[in-house]
Amino acid sequence: VPIFMFIVIGTANAVNVTDGLDGLAGGLLVIAFGSFAVVAFLQGLTVLSGFCGVVVGALAAFLWYNIPPASFFMGDTGALALGGTLAVMAFMTDTVLLLPLIGFVFLVEMLSVIVQLTSKRLRGKKIFLAAPVHHHFEASGWGESKVTMRLWIIGSFAAFLGVLVGIYGYL
């Protein structure tokens with residue numbers, strides 16, 4: 001139970017931390033839920049695969065209005081709920097070890113906040129210009145769309161790798 005709670009709470013908060021730029025969390029969630037749809041389908045779990053497909057469709061519709069300049073925002077309620085649902089999907093497909101790969105950008109975003117806060121408390125110095133890391137890239141001069149698109153690309157490659165590991169080395 002403590003491991004389950006840690007993973008669900010950690011994933012929910014990682015998605016919430018990532019929800020700082022228009023379209024960033026939504027696009028990464030489309031990638032992650034799409035990946036779990038494939039994994040669930042290959043396991044013969046068609047109901048879970050269908051559920052993931054519905055979430056992907058809902059997120060795609062949300063993204064239509066969430067790209068810059070956003071008309072709708074996900075907010076804490078949506079990010080926490082979708083992050084928790086993503087963690088539960090990993091448990092229901094028995095592929096929780098794939099979650100760090102499929103949700104790689106979420107992991108990096110959360111780790112950047114942990115590293116920044118730890119460094120400020122222990123050393124009194126910041127490592128990043130701003131945390132989470134997507135704000136660091138913005139503070140470095142990258143535009144919002146550039147950060148979002150590049151993190152989507154990284155997330156896509158990591159999720160694809162996670163699905164491959166799931167197919168050939170895990171399932």
Side-chain angles (χ1 to χ4, degrees), residues 4-40 47-93 95-96 98-117 128-140 142-160 162-163:
F4 178 86
M5 289 172 50
F6 175 77
I7 292 172
V8 171
I9 293 168
T11 305
N13 281 295
V15 171
N16 193 32
V17 164
T18 305
D19 185 34
L21 299 178
D22 293 343
L24 180 58
L28 291 169
L29 284 166
V30 165
I31 294 163
F33 276 105
S35 299
F36 277 112
V38 171
V39 169
V47 172
L48 291 180
S49 181
F51 174 76
C52 286
V54 168
V55 173
V56 167
L59 283 166
F62 166 76
L63 278 173
W64 187 264
Y65 296 99
N66 188 246
I67 57 169
S71 301
F72 293 106
F73 300 97
M74 186 178 298
D76 292 349
T77 304
L80 290 168
L82 288 166
T85 304
L86 187 65
V88 170
M89 284 305 304
F91 278 107
M92 292 181 78
T93 57
T95 56
V96 73
L98 295 179
L99 189 57
L101 268 177
I102 291 175
F104 180 73
V105 175
F106 299 127
L107 178 67
V108 170
E109 293 274 342
M110 195 68 200
L111 288 175
S112 72
V113 171
I114 292 169
V115 167
Q116 182 87 324
L117 291 175
F128 303 106
L129 296 174
V133 74
H134 63 262
H135 290 311
H136 169 78
F137 293 133
E138 275 191 305
S140 298
W142 290 14
E144 183 176 345
S145 294
K146 186 178 204 176
V147 174
T148 299
M149 293 301 124
R150 290 195 174 164
L151 290 177
W152 281 5
I153 291 168
I154 292 168
S156 297
F157 280 115
F160 180 70
V163 170

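Listed here is the closest heavy atom pair of Val15 and Gly83: CG2-CA, 3.6 Å. Between Val108 and Val133, the shortest heavy-atom contact is CG1-CG1, 4.3 Å. For the residue pair Met89 and Cys52, the shortest heavy atom distance occurs at CE-SG, 3.2 Å. Counting all heavy atoms, side chain and backbone alike, Gly155 lies closest to Ile31 at O-CG2, 3.7 Å. For the pair Leu86 and Ala32, the tightest heavy-atom approach, listed with the atom from each and the gap, is CD1-CB, 3.7 Å. Nearest heavy atom pair, residue Thr93 against residue Ala40, reads CG2-CB, 3.9 Å.
Separation of atoms CD (Glu109) and OG1 (Thr18) is listed at 4.5 Å; rounding is to 0.5 Å. To the nearest 0.5 Å, atom CG of residue Leu82 and atom CZ of residue Phe33 are 5.5 Å apart. Atom CG of residue Leu151 and atom OG1 of residue Thr148 lie 7.0 Å apart, to the nearest 0.5 angstrom. With rounding to the nearest 0.5 Å, the separation of CZ in Phe36 from CG in Leu29 is 11.5 Å.
Between Leu99 and Thr95 the shortest side-chain heavy-atom distance does not fall below 4.5 Å. Between Met74 and Leu59, the closest side-chain pair of non-hydrogen atoms falls below 4.5 Å.
Judged purely by atom type and a 3.5 angstrom limit, Glu144 has no side-chain atom pairing as donor or acceptor with the backbone of Leu21. Side-chain N or O atoms of Asn66 include one that pairs as donor or acceptor with a backbone N or O of Gly23 at under 3.5 Å. Using a distance-only test at 3.5 Å, with no hydrogens or angles considered, a donor-acceptor pair links the side chain of His136 to the main chain of Leu129. Side chain of Asn13 to main chain of Ile9: a donor-acceptor pair is present (N/O by atom type, distance under 3.5 Å, no hydrogens or angles).
Within a 6.0 Å sphere centred on CH2 of Trp64, heavy atoms belonging to other residues, nucleotides or ligands number 12 at most. Applying the 6.0 Å contact sphere to CZ of Phe104 captures no more than 12 heavy atoms from other residues, nucleotides or ligands. By the 6.0 Å contact criterion, CZ on Phe128 is enclosed, its count of non-hydrogen atoms from other residues, nucleotides or ligands being greater than 12. More than 12 heavy-atom neighbours from other residues, nucleotides or ligands sit within 6.0 angstrom of CZ on Phe91.
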Problem - From CA spacing to verdict: side-chain contact (heavy atoms from CB on, under 4.5 Å), Trp152, Val30 - result: CA-CA 10 Å; Trp152 281 5; Val30 165; over 6 Å; no
Problem - Stepwise side-chain contact (heavy atoms from CB on, under 4.5 Å) test for Leu24 and Leu28 - result: CA-CA 6 Å; Leu24 180 58; Leu28 291 169; 3.8 Å; yes
Exercise for the section: I would like to know whether Trp142 and Arg150 meet side-chain contact (heavy atoms from CB on, under 4.5 Å); could you show each step before the answer? Expected result: CA-CA 10 Å; Trp142 290 14; Arg150 290 195 174 164; 3.5 Å; yes
Practice task
For the pair Phe106 and Thr11, evaluate side-chain contact (heavy atoms from CB on, under 4.5 Å) and give the outcome as yes or no after the intermediate values.
Solution key: CA-CA 8 Å; Phe106 299 127; Thr11 305; 5.9 Å; no
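Relative ring orientation between Tyr65 and Phe72 is described as perpendicular, the plane-to-plane angle rising above 60° on a 0-90° scale split at 30° and 60°.
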